[in-house]
2 protein chains.
Amino acid sequence: MDNQGRGLHARVLASLGPAITAGDYPPGTVLRTDELEKRFDVSRTVVREVVRVLESMHLVESRRRVGVTVRPTEEWDVFDPQVIRWRLAGADRPRQLRSLTALRSAIEPAAAALAAEHATPEQCAELTEHALNMVATSRGQQLAAYLVHDIAFHRVILRASGNEMFARLGDVVAEVLTGRTEHQVMFSDPDPEAVTLHVRVAEAVRARDAARAEACTREITVGALRELDILAP
Amino acid sequence: MDNQGRGLHARVLASLGPAITAGDYPPGTVLRTDELEKRFDVSRTVVREVVRVLESMHLVESRRRVGVTVRPTEEWDVFDPQVIRWRLAGADRPRQLRSLTALRSAIEPAAAALAAEHATPEQCAELTEHALNMVATSRGQQLAAYLVHDIAFHRVILRASGNEMFARLGDVVAEVLTGRTEHQVMFSDPDPEAVTLHVRVAEAVRARDAARAEACTREITVGALRELDILAP
DNA sequence: GTGACTTAAAAGTCATACTTATTTGGGTTG
DNA sequence: CAACCCAAATAAGTATGACTTTTAAGTCAC
């Protein structure tokens with residue numbers, strides 16, 4: 001992971017953060033710093049640093065004479081990669097995957113359209129390569145290898161869009177794709193149609209055909225949404 | 001603003017954060033904590049808290065025996081509302097507005113489609129009301145009032161989508177709309193077509209017509225994109 | 001009951017002493 | 001001369017005690 005073991009504050013954060021996002025401390029719960037000191041057996045210094053970070057994520061609010069209050073869920077910074085990771089690791093993972101997949105469905109087609117306009121020759125080559133590798137690994141229980149190329153493919157699309165915000169969603173998409181592979185029936189090979197669509201997207205981007213790149217990507221993400229409905233309608 | 005004056009750490013953060021996002025300390029720059037202590041005339045405690053928060057935004061990295069290093073721009077958490085605000089306040093505001101408008105264009109149509117499926121009667125009523133108020137304030141130099149309803153309208157759509165991540169983009173959209181109004185020719189009334197489209201979106205949502213809600217919203221956001229091209233092609 | 005005043009609880013801040021990781025450089029050895 | 005190891009210097013990390021500031025809440029007079 002990102003921040004494991006690197007200092008005491010990181011350890012406390014990695015323990016308290018997930019606990020809060022998991023709902024162990026429901027909104028409105030008040031944590032006092034000296035209580036946290038004892039609980040984690042660390043100094044005020046460390047606790048305060050952790051609280052500041054949680055506060056910057058809008059997970060808690062620290063007020064004098066009151067304590068550290070857990071804020072209502074609607075106010076959390078749900079786009080914070082750290083928060084996303086914590087929630088994906090917790091109980092409402094399914095709900096989280098749903099939200100993220102909806103986000104993907106909105107973003108990726110737009111990103112593909114932009115990528116068709118802005119992709120460099122190198123990026124086009126990368127796309128084609130990853131698409132072909134996806135085809136190659138799409139049969140015969142090679143899900144792990146397939147996943148690697150799938151992630152790489154989507155990352156290139158997002159980066160090639162030229163929009164820094166889209167580009168930053170690469171990690172989120174990677175997380176979603178990984179989560180899907182892990183929690184799906186690991187026996188089945190990926191949907192052949194989806195594989196073909198990736199090849200088409202690569203072609204469309206290389207041909208500078210924004211409309212087609214967008215349409216094919218939309219088909220991919222719609223498929224991802226449908227998958228969720230099948231699993232838990 | 002959000003965090004003005006609330007404690008020393010907030011003041012230092014509000015000074016250092018914007019400085020970094022503005023590029024005053026280019027990536028690779030090393031800040032030593034004791035230097036920061038002197039510069040802001042605060043204690044170690046405060047500096048460390050600030051550094052932790054900046055670190056959680058991936059703006060800097062703190063390593064022993066090295067110092068606090070400014071990270072490359074591509075690694076920043078560009079979705080962090082705080083970072084967005086800092087950058088909007090800084091020099092590359094135009095670039096930022098572009099990224100955010102592209103994001104809006106991807107998200108809002110999808111949100112409108114979902115809103116058509118999930119909006120409560122109350123939300124439908126709110127939408128209609130805001131749309132009508134937009135019409136009412138669309139002529140005669142009432143830009144400030146118009147902006148209020150415009151923001152409210154988009155907020156309702158995003159919230160009514162039922163997707164928590166979309167909902168959280170309400171603040172960002174508000175920021176973009178405000179920024180646009182402030183930096184545009186303040187003399188001209190809003191585009192009549194855009195106003196009409198908002199009314200149509202409200203109608204479509206009430207009629208549970210997802211496709212039409214999506215299409216009309218897309219027209220709105222495409223218009224917003226075009227606007228940017230006209231201003232700085 | 002309302003309003004002003006007091007009190008106490010909890011976070012915020014500071015200064016200092018100490019610990020730990022890590023880079024750098026020098027010296028030893030093959 | 002290269003490779004390697006070790007020691008010293010450096011800057012962040014942690015702990016702690018003393019003090020300040022905010023503010024919720026209780027109390028008293030009116």
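Only a predicted model underlies this, so the values are computations on that prediction, with no experimental measurement involved. A note on names: the letters A, B, ... follow the listed sequences, proteins ahead of strands, and every chain is numbered from 1. These values consider heavy atoms only, across backbone and side chains, with no hydrogens, waters or symmetry-generated copies.
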Dump every N/O contact between nucleotides 4-8 of chain C and the protein below 3.5 Å, one line per pair.
| residue | atom | partner | partner atom | Å |
| --- | --- | --- | --- | --- |
| C:dA8 | N3 | A:R65 | NH1 | 3.2 |

Worksheet entry | Contacts of A:R104 that satisfy salt bridge (charged side-chain N to carboxylate O under 4.0 Å, His left out) - sequence neighbours left out | A:E108
Item to complete: Could you run through nucleotides 14-20 of chain D and give me one letter per nucleotide, 5' to 3': B if any protein heavy atom sits under 4.0 Å from the base, S if only the sugar-phosphate is that close, - if neither?
Response: BBBBB--
Practice prompt. For A:V51, report the nucleic acid contact type (base, sugar-phosphate, nothing); a contact means any heavy atom under 4.0 Å.
Written response: nothing
Worksheet entry | Residues in side-chain contact (heavy atoms from CB on, under 4.5 Å) contact with B:R93, at least two apart in sequence or another chain | B:L88, B:L97, B:E182, B:H183
Worksheet item: Does B:R63 make a side-chain N or O approach to OP1 or OP2 of D:dG13 shorter than 4.0 Å?
Response: no
Item to complete: Return the residues of residues 30-39 of chain A meeting this criterion: a heavy atom under 4.0 Å from some atom of DNA chain C. Order them by number, or give none.
Response: A:L31, A:R32, A:T33
Response to the item:
A:E37 meets the side-chain contact (heavy atoms from CB on, under 4.5 Å) criterion, sequence neighbours left out, with A:D34, A:R44, A:V47
Discussion item. If you count heavy atoms of other groups shown closer than 6.0 angstrom to CZ of A:R155, is the number above 12?
Written reply: yes
Practice prompt. Please round to 10 degrees the angle between the axis of the first five pairs and the axis of the last five pairs in the helix from C:dG1-D:dC30 to C:dG30-D:dC1.
Written response: 10°
Worksheet item: Do other residues, nucleotides or ligands put more than 12 heavy atoms under 6.0 Å from A:R71 CZ?
Response: yes
Item to complete: Name all residues meeting the side-chain contact (heavy atoms from CB on, under 4.5 Å) criterion together with B:T29; count only those two or more places apart in sequence or in a different chain, and write none if there are none.
Response: B:Y25, B:P26, B:L31, B:V70
Response to the item:
Contacts satisfying side-chain hydrogen bond (donor to acceptor under 3.5 Å, both in side chains) that involve residues 124-135 of chain A (not counting sequence neighbours) are none
Could you pull out all donor-acceptor pairs under 3.5 Å where a side-chain atom in residues 143-153 of chain A meets a protein atom, sequence neighbours excluded?
| residue | atom | partner | partner atom | Å |
| --- | --- | --- | --- | --- |
| A:D150 | OD1 | A:H154 | NE2 | 3.1 |
| A:D150 | OD1 | A:H198 | NE2 | 3.3 |

Worksheet entry | Under the ring-ring contact (aromatic ring centres under 6.0 Å, His included) test, residues paired with A:F79 that sit two or more places apart | B:F79
Fill in: Residue list, side-chain contact (heavy atoms from CB on, under 4.5 Å) with A:A112, at least two apart or on another chain
A:I157, A:A213, A:T217
Item to complete: Working to the nearest 0.5 Å, report the span between OG of B:S62 and CG of B:L54.
Response: 10.5 Å
